[in-house]
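Everything below concerns the one structure shown next.
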2 protein chains.
Amino acid sequence: MSLVETDDAEASETISLHQRILSDIREKILSGAWPPGHRIPFEHELTDEYNCSRMTVNKALSQLAKAGLIERRRRSGSFVRQPQSQAAVLELHDIRIEVEALGLPYRYERLERVKRRGNAEDRTLLGLSAPGPVLSLEGLHFAGERPFALEQRLINLSAVAEAGDEEFVEIAAGPWLIGRVPWSEAEHRIRAMAADENTADALDIDPGAPCLVVERRTWSAEHPVTHVRFIYPAESHTLVARFTPSQG
Amino acid sequence: MSLVETDDAEASETISLHQRILSDIREKILSGAWPPGHRIPFEHELTDEYNCSRMTVNKALSQLAKAGLIERRRRSGSFVRQPQSQAAVLELHDIRIEVEALGLPYRYERLERVKRRGNAEDRTLLGLSAPGPVLSLEGLHFAGERPFALEQRLINLSAVAEAGDEEFVEIAAGPWLIGRVPWSEAEHRIRAMAADENTADALDIDPGAPCLVVERRTWSAEHPVTHVRFIYPAESHTLVARFTPSQG
DNA sequence: CGTTTCAATATGTATATACATAATCGCCAT
DNA sequence: ATGGCGATTATGTATATACATATTGAAACG
């Protein structure tokens, strides 16, 4: 592999030329040295600068373009783009992980489990057009002795038939579904809500207390799989989302 | 450009071979035809299947690997990965856009503007180590006649000196900052909160009513730029985040 | 003067080739 | 058996080359 030794005497890392070009340009843009609208050197100029072939430069620039940092125009060149609509990446971990990250013991407890033919509300939540069997689950996630989150879930049994045979007494359906369902799409809705009687009771908070609600609908191969609603007491949880322009 | 005609008699699109390989494999994975753990054909096999060079196949597979859909192992081949921790992309638009998308007239009204030497709280919020001048702003975003969101913002004047000369009476600082600051990083925190006296008063809701709070800290070239807190009455706003496995 | 045409140019896609690297398998010697 | 060693193999990176395509600027033309 043709690698490059950085001139740093102390820590001479070996990174690929591709990576070097990429991070060089990225740095110029993020530092503001090349402001939005600035024309990036032509491929043939970078070819000279880095003493490499055009393909290598092209690959790096294409990647930056795909990441949205630059815009490429035939015959004109490549230009630093105007910073775009803030899009942030929200990592939604398994609740067990989140709780354990707090250094607290995790426990799950099922409250309710009902198998039924999906009613109108079920079908709306799942996004099902035709009626079919669904599994409705309610459970509590604990951090230590305190309720951490209330989970209300619907599973489309037409899509995941085996789920109908599971009891989900001590394991939540989330981890169970992972690994049983292939790559899927998801839509999340995040909002605030006042705790109703049921919720307040389950979470051991006052009725009307503010809660953070995260709802997730999941599809696999175009078929609805599950709808889940997590309700967190306001104090217990903050979502964190990061935006970093195209790490690559 | 070497393009490929799809065999579809009706709508013969011309897409690049690269794109075709990419979407073919993507489809196989998302449909579950190639479940997690499945070994993808070797590059030389795909080379045969698509009758193209290894470079073309390699580029496509590398892209899928970068997107996290597959994992590549030297000497062993490429494998479909286990679906990862759900990471969703959260689009955070300008509030004006959001309001206008609702078909309501938008208006911004400044409530307060204070220039001061950053106190301890300011510095914590901004992530500033040294003291320095800051601009503190409070304003209301209206959708029609109803308050839509309360904005509380700090701007690090050491990073954006010109902001000190702006009044921000009728335009919010957000749109003003875009275009004046180069590409930046951001961290968002999302939580629920009960409205305090001030907030309830400004938003014309009951004290204690649930609110959705979005806080954003922004850095440009490692320097803190601004900290902003948006407070939405629970009814007025839902954040939507999507996860789609690697559109490319 | 406006319009059309054409050549120049930067990027887009693909090929064939080459060698590096990491991981694995099987062989061999202990 | 077992531990090490080298050959094999699939991927990783890079090159030189070729031609396609979109766009621009200038020349040619009416």
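The chains referred to below are lettered A, B, ... by the order of the sequence lines, with proteins before strands, and numbering in each begins at 1.
- The distance between atom CD1 of B:I21 and atom P of C:dT15, rounded to the nearest whole Å, is 8 Å.
- Put simply, B:T56 has a side-chain N or O that comes within less than 4.0 Å of OP1 or OP2 on C:dT15.
- In this structure, of D:dT24, D:dT15, D:dA10, it is D:dT15 that holds the atom nearest to the side chain of B:M55.
- Protein atom CD1 of A:I15 is 10 Å distant from nucleotide atom P of D:dA14, rounded to whole Å.
- If you take CG of B:L46 and P of D:dT11, they are 9 Å apart, rounded to a whole angstrom.
- Taking the centre and axis of the six-membered ring of B:F79, the NZ or CZ atom of B:R73 falls inside the cone set by 45° and 6.0 Å.
- Rounded to a whole Å, the CD1 atom of A:I40 is 15 Å from the P atom of C:dA10.
- Distances from the side chain of B:F42 to the nucleotides D:dA10, D:dG12, C:dG12 place D:dA10 closest.
- When distances are taken from the side chain of B:H44 to each of D:dA10, C:dT11, C:dT13, the shortest belongs to D:dA10.
- Taking atom NZ on A:K59 and atom C1' on C:dT11, their separation rounds to 17 Å, with Å as the unit.
- One N or O on the side chain of A:R110 and one on the backbone of A:E167 form a donor-acceptor pair closer than 3.5 Å.
- Between B:R242 atom CZ and A:H188 atom NE2 the span is 11.0 Å, to the nearest 0.5 Å.
- Among the nucleotides C:dG12, C:dA16, D:dT15, the one closest to the side chain of A:R54 is C:dG12.
- Listed for the A:E45 side chain is a donor-acceptor partner under 3.5 Å among the backbone atoms of A:F42.
- Taking side-chain N and O atoms only, A:R75 has no distance below 4.0 Å to OP1 or OP2 of D:dA22.
- Between B:S76 and D:dT11, a side-chain N or O to OP1/OP2 separation shorter than 4.0 Å is absent.
- If you find the closest nucleotide of DNA chain D to B:R73 and to A:R73, the one lying nearer the 5' end belongs to B:R73.
- Distance A:R72 CZ to C:dT13 C1': 12 Å, rounded to the nearest Å.
- Distance CG (A:N58) to P (D:dA14): 13 Å, rounded to an integer number of Å.
- For B:R74 and D:dT9, the shortest distance from a side-chain N or O to OP1 or OP2 is not below 4.0 Å.
- Out of C:dT11, D:dA14, D:dT11, the shortest distance to the side chain of A:L17 is found at D:dA14.
- Judged purely by distance below 3.5 Å, without hydrogens or angles, the side chains of A:Q63 and A:H18 pair a donor atom with an acceptor atom.
- To the nearest angstrom, C1' of C:dT11 lies 13 Å from CZ of A:R39.
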